[in-house]
Amino acid sequence: MKKFSSVLLAYFLILSACFPVTVSAEETPAVSYMIYECDTDQTLERQNTEVAADCSLLARLMTCLLVYENPAVSVTDYVTPTEDSISLSERYTLLASNHYMVDHLLKAVILCNADNAARVLAEKVNPNKEYFVSLMNLKAAELGMKNTYFTNPDGSFDELQRTTVSDMALFWSYAMSNVQFRNAASNPASHIWGGTAVLNECKLVSSDTFLNAASVAGASCVYNAQENLSTTMFYFVSEKTDNTPAVKLILIMSGFPDETAYESGKNYIDNIFLNYKKTPLVKKSDTVITTQVGKSELAINANETYYCMIPSDLTDFVENISYNITEPNAVASVPGKAVTLEDLSAPIDKGAVIGTINYILKDGSVHSVEIVAGNSVHSDYKAINLFYKAIQENTDIFILISVLVIIEILLLLCFIISKLRKQ
């Protein structure tokens with residue numbers, strides 16, 4: 001009997017591993033959040049980012065993104081709904097007898113979650129709901145959102161519809177690269193149909209908390225009215241300084257009580273600026289390594305200045321460094337063996353692309369920077385390389401000397417010819 005119980009327990013453990021339990025949108029999902037810096041592609045803080053999160057806000061925003069990206073739809077177009085509708089919040093009514101500007105419908109969705117406006121926008125792109133949903137899922141796959149699946153364009157509850165905070169970050173980062181989308185989400189308030197004024201429900205945008213921000217955008221919704229749980233997507237760009245570029249932060253929060261989401265979000269952003277700094281990982285023209293090519297030394301330099309976010313109390317945040325060598329003059333290596341720095345061979349011109357240097361930081365992020373030859377190596381013999389280097393460093397003098405030598409030779413030839421004629 002004990003043996004049978006052990007086998008049965010093992011069977012259920014295998015089943016649970018193969019079919020993991022997912023949390024539906026009606027259940028209370030775990031509190032999860034993620035802070036991501038767009039330029040450096042670094043996740044700075046995270047919690048439960050792969051746990052199931054509510055998908056309602058994401059579905060509506062994906063609908064808006066597809067409208068913005070559709071070349072057949074303009075924000076100045078007008079739409080006539082096929083039927084009267086009212087939003088879940090009961091604040092926004094659409095009538096089949098009226099015409100509505102696409103721009104107003106988009107802002108109603110992005111700023112204040114008008115789910116009925118999302119349905120009308122989806123119908124504008126394609127009246128076939130199933131086809132439009134397939135476009136949503138194709139876009140999610142294109143963006144690498146592996147844990148996201150849509151079943152409708154308006155975010156209405158469906159236990160099959162799912163996402164995670166990490167997937168929402170992928171979407172939001174991409175959406176913020178769309179100027180029209182970003183501008184709409186940057187509005188703290190806007191006018192929509194019927195002269196109605198709406199406020200951006202992402203309180204991090206509508207407040208004056210971030211006075212030094214160059215740009216702020218956001219969207220938020222309460223998806224569980226009973227427990228007042230919310231999802232927030234927030235985009236923050238700091239002012240650029242003379243020494244460092246702007247910091248571009250994305251903050252995704254899910255499962256937070258709406259009354260505490262604002263303070264939590266503010267604290268997360270403040271914590272990043274208190275405990276992190278954006279600093280050069282490497283500067284353009286810095287020599288990252290030197291290597292022997294024949295009997296000569298080749299300096300290999302960074303071809304760009306590359307920044308990363310590191311904790312303020314650390315000076316060395318690099319875990320490991322590797323190189324990918326693509327220089328065409330590299331010696332043919334053994335099949336299956338990667339080309340290394342030792343395989344480089346002359347001639348190599350100064351400025352020639354050698355490959356990339358790959359930095360693995362202690363936060364696990366990988367950053368590749370193009371590397372180039374810092375000097376020329378024309379031969380395996382050091383004396384010849386020194387001669388070429390002298391010419392490169394004193395080009396004007398060598399040109400002058402060459403011209404004088406040519407003149408001397410011409411004069412000598414003239415003298416010889418003159419002598420020969422006299423004879």
Side-chain contact, heavy-atom cut-off 4.5 Å: [X] with [Y]?
{"X": "L61", "Y": "F171", "value": "yes"}
{"X": "V133", "Y": "P153", "value": "yes"}
{"X": "I300", "Y": "Y323", "value": "no"}
{"X": "L121", "Y": "V79", "value": "no"}

- request: Check step by step if side chain to side chain contact (heavy atoms under 4.5 Å, CB included) holds for N212 and S238.
  value: CA-CA 7 Å; N212 295 323; S238 70; over 6 Å; no
To the nearest 0.5 Å, what is the distance between [atom1] on [X] and [atom2] on [Y]?
{"X": "L251", "Y": "Y36", "atom1": "CG", "atom2": "OH", "result": "14.5 Å"}
{"X": "C55", "Y": "D158", "atom1": "SG", "atom2": "CG", "result": "9.5 Å"}
{"X": "K129", "Y": "T151", "atom1": "NZ", "atom2": "OG1", "result": "7.0 Å"}
{"X": "L281", "Y": "L361", "atom1": "CG", "atom2": "CG", "result": "6.0 Å"}
{"X": "S365", "Y": "E37", "atom1": "OG", "atom2": "CD", "result": "11.0 Å"}
{"X": "N116", "Y": "I86", "atom1": "CG", "atom2": "CD1", "result": "8.0 Å"}

- prompt: Is it true that E201 and R60 have a side-chain N and a carboxylate O under 4.0 angstrom from each other?
  reply: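 Here E201 does not pair with R60 in a salt bridge, since their nearest N and O are not under 4.0 Å apart.
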- prompt: Does K266 pair with E263 as a salt bridge, N-O distance under 4.0 Å?
  reply: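 Looking at K266 and E263, the cut-off is not met.
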For [X] and [Y], work out which heavy atoms get closest and say how close.
{"X": "K146", "Y": "D167", "result": "N-OD2, 3.4 Å"}
{"X": "T232", "Y": "S220", "result": "OG1-OG, 3.2 Å"}
{"X": "M168", "Y": "A53", "result": "CE-CB, 3.8 Å"}
{"X": "V293", "Y": "L344", "result": "CG1-O, 3.8 Å"}
{"X": "A373", "Y": "I348", "result": "CB-CG2, 3.7 Å"}
{"X": "Y223", "Y": "G255", "result": "OH-CA, 3.3 Å"}

When you measure from the side chain of [X] to the backbone of [Y], do you find a donor-acceptor pair of N or O atoms at a distance under 3.5 Å?
{"X": "K248", "Y": "S173", "value": "no"}
{"X": "K107", "Y": "A184", "value": "no"}
{"X": "Q42", "Y": "C308", "value": "no"}
{"X": "Y276", "Y": "L44", "value": "yes"}
{"X": "S87", "Y": "D115", "value": "no"}
{"X": "D84", "Y": "A96", "value": "yes"}
{"X": "N187", "Y": "N183", "value": "yes"}
{"X": "T356", "Y": "N358", "value": "no"}
{"X": "N200", "Y": "S206", "value": "no"}
{"X": "T196", "Y": "I192", "value": "no"}

message: I'd like to know whether S166 forms a side chain to side chain contact (heavy atoms under 4.5 Å, CB included) with E50, so could you lay out the CA-CA distance, the side-chain angles of the two residues, the decisive distance to 0.1 Å, and finally the verdict.
response: CA-CA 6 Å; S166 59; E50 303 305 319; 2.8 Å; yes
Looking only at the side chains, is there a donor atom on one of [X] and [Y] sitting less than 3.5 Å from an acceptor on the other?
{"X": "Y359", "Y": "N320", "answer": "no"}
{"X": "E69", "Y": "N178", "answer": "no"}
{"X": "D343", "Y": "T340", "answer": "yes"}
{"X": "N243", "Y": "T241", "answer": "no"}
{"X": "E342", "Y": "T291", "answer": "no"}

message: Centre-to-centre under 6.0 Å for F181 and Y235, is that the case here?
response: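 No, the ring centres sit 6.0 Å or more apart.
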- prompt: Looking at F273 versus F236, is the centre-to-centre ring distance below 6.0 Å?
  reply: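 Yes, they do, as the ring centres are separated by less than 6.0 Å.
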task: Test ring-ring contact (aromatic ring centres under 6.0 Å, His included) on Y268 and F234 and set out the steps.
output: CA-CA 11 Å; Y268 287 142; F234 177 71; over 10 Å; no
- request: Check step by step if side chain to side chain contact (heavy atoms under 4.5 Å, CB included) holds for L58 and F150.
  value: CA-CA 9 Å; L58 178 64; F150 298 108; 3.8 Å; yes
message: With side chain to side chain contact (heavy atoms under 4.5 Å, CB included) as the criterion, how do I310 and K277 come out once you've worked through the C-alpha distance, each side chain's angles and the decisive distance to 0.1 Å?
response: CA-CA 6 Å; I310 69 169; K277 58 185 177 182; 3.6 Å; yes
field: Parallel, tilted or perpendicular: ring planes of Y92 versus W193, cut at 30 and 60 degrees
entry: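 The rings of Y92 and W193 stand perpendicular, inter-plane angle above 60°.
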message: Let's go through T209 and Y262 carefully: what are the C-alpha distance in whole Å and the side-chain angles of both, what is the deciding distance for side chain to side chain donor-acceptor pair (under 3.5 Å) to 0.1 Å, and is it a yes or a no?
response: CA-CA 10 Å; T209 303; Y262 168 76; 2.3 Å; yes
